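Mind having a look at this structure? Questions to follow.
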Amino acid sequence: MEAKPKLTPERAAYYKKIDGSNLAPLWEVLGGLIIKEPRSPARPAHWRYDEIRPFILDAGRLITAKEAERRVLVLENPGLKGQSKITNTLYAGLQLILPGEVAPAHRHSQSALRFIVEGSGAFTAVDGEKTIMHEGDFVITPSWTWHDHGNDSDAPMVWMDGLDIPIVGLLDAQFAEGYPDERHPVTRPAGDSLARYGSGLLPVGYEHKAPTSPVFNYPYARTREALETMRRREAWDPCHGLKMRYVNPVDGGWAMPTIGTFMQMLPKDIHTSPYRSTDGAVFSVVEGSGRTVVTGHDGAETTFEWRKRDTFIVPSWMWHRHEADSDAVLFSFSDRPVQEKLGLWREMRGNREAGRA
Ligand code: 1HN
């Protein structure tokens, strides 16, 4: 876009005059509105779990899950402080639930995912079905479904929440309500959805109208086994290692309409090729250790030395590459389904110079 036009006294007076009629000159702002390529205000960021775990447990002494409604530390992107955003389009936080606690039932238009970071045995109940959660499980709370969480185990549980709050907010399309009781009644046996829809079978005549997968817990045990079996062919993608996306078994589409979710394996000693895409991604380290090098829009490189349970983010359109010191497994999520539906999603592979040519 061209440089901004000169501000003459005559123009300034004119801008002032039309401002009274709620009008503004496009030519003064066009260069900032239509830019050549994405320049996300989000910054690369890394949360080391061993550093923040004590803060999460502190919260457990300060406030109950019931009083907080959801006892969560928001993962705030340092470029988007105070906005409850981890990327420009997504929210993420780490939620703590202690033994014996209940996070009361409510529902909202925003879709949520849980990715279990530490502990096993707490449950989430979604529209009358309970699922016990284990480390590495990916659990969905679809838009407008009643959900409550509880911990009947004897250890604290921490999971990452990912929600499409900024997307729904942008559209001014949000509703929320509390359930009159602490817990929504359980009406279906545990494991029913996974058996019914997630076993490579579907009930005959089943018609699924909701935009979210009817499977709401994708257990890590199954995901891990799939990755372990596939890796034997050693068909690694140069940019991603072995990267799979979670699907809705009804139509093969994304598991959630607004958030794309992925699990990838990086074999020991891999150095991936640089990659960038228009969907900024949130990563949670499930296994292993390594590093991710992110190149900012200003050309500055940031290196994240990550290990199990860490969270880090790579903003939209920033080149990045991964290295693994041991076999590593990374969960990630982004707004890719939204971008794909709108025809906006783009990616670039290869080296930085070639990418720029
Ligand atoms: C929510 O409903 C949960 O249900 C967690 O666990 C985090 C952040 C903002 C709005 C709703 C939950 C949330 C949330």
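The structure displayed is predicted, hence computed values, not measured ones. Remember, it's 1-based here, ligands and their atoms both numbered in the order they're listed. Below, all heavy atoms of this structure are taken into account, side chains as well, without hydrogens, waters or symmetry copies.
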Check your understanding: Between F312 and W306, what is the ring plane arrangement, given parallel below 30°, perpendicular above 60°, and tilted in between?
Key -> parallel
Check your understanding: According to the interplanar angle, ranging from 0 to 90°, do the rings of F262 and W254 count as parallel (below 30°), tilted (30 to 60°) or perpendicular (above 60°)?
Key -> perpendicular
Practice item. Fit a plane to each ring of F331 and F333, take the angle between them on a 0 to 90° scale, and name the class: parallel (under 30°), tilted (30 to 60°) or perpendicular (over 60°). Key: tilted
Review point. Are H106 and H184 close enough, and set up right, to give a ring pair (Phe, Tyr, Trp, His ring centres under 6.0 Å), and what steps lead you there?
Key: CA-CA 9 Å; H106 68 196; H184 183 273; over 10 Å; no
Review point. Has the side chain of H149 got a donor or acceptor atom that lies under 3.5 Å from a matching backbone atom of H147?
Key: no
**Study point:** Close residues, ligand 1: non-hydrogen atom nearer than 4.0 Å
**Key:** R70, Y91, Q95, H106, H108, R114, H147, H149, D161, L163, I165
Check your understanding: Among all residues two or more places apart in sequence or in another chain, which pass the side-chain contact (heavy atoms from CB on, under 4.5 Å) test with E287?
Key -> Y220, R224, V329
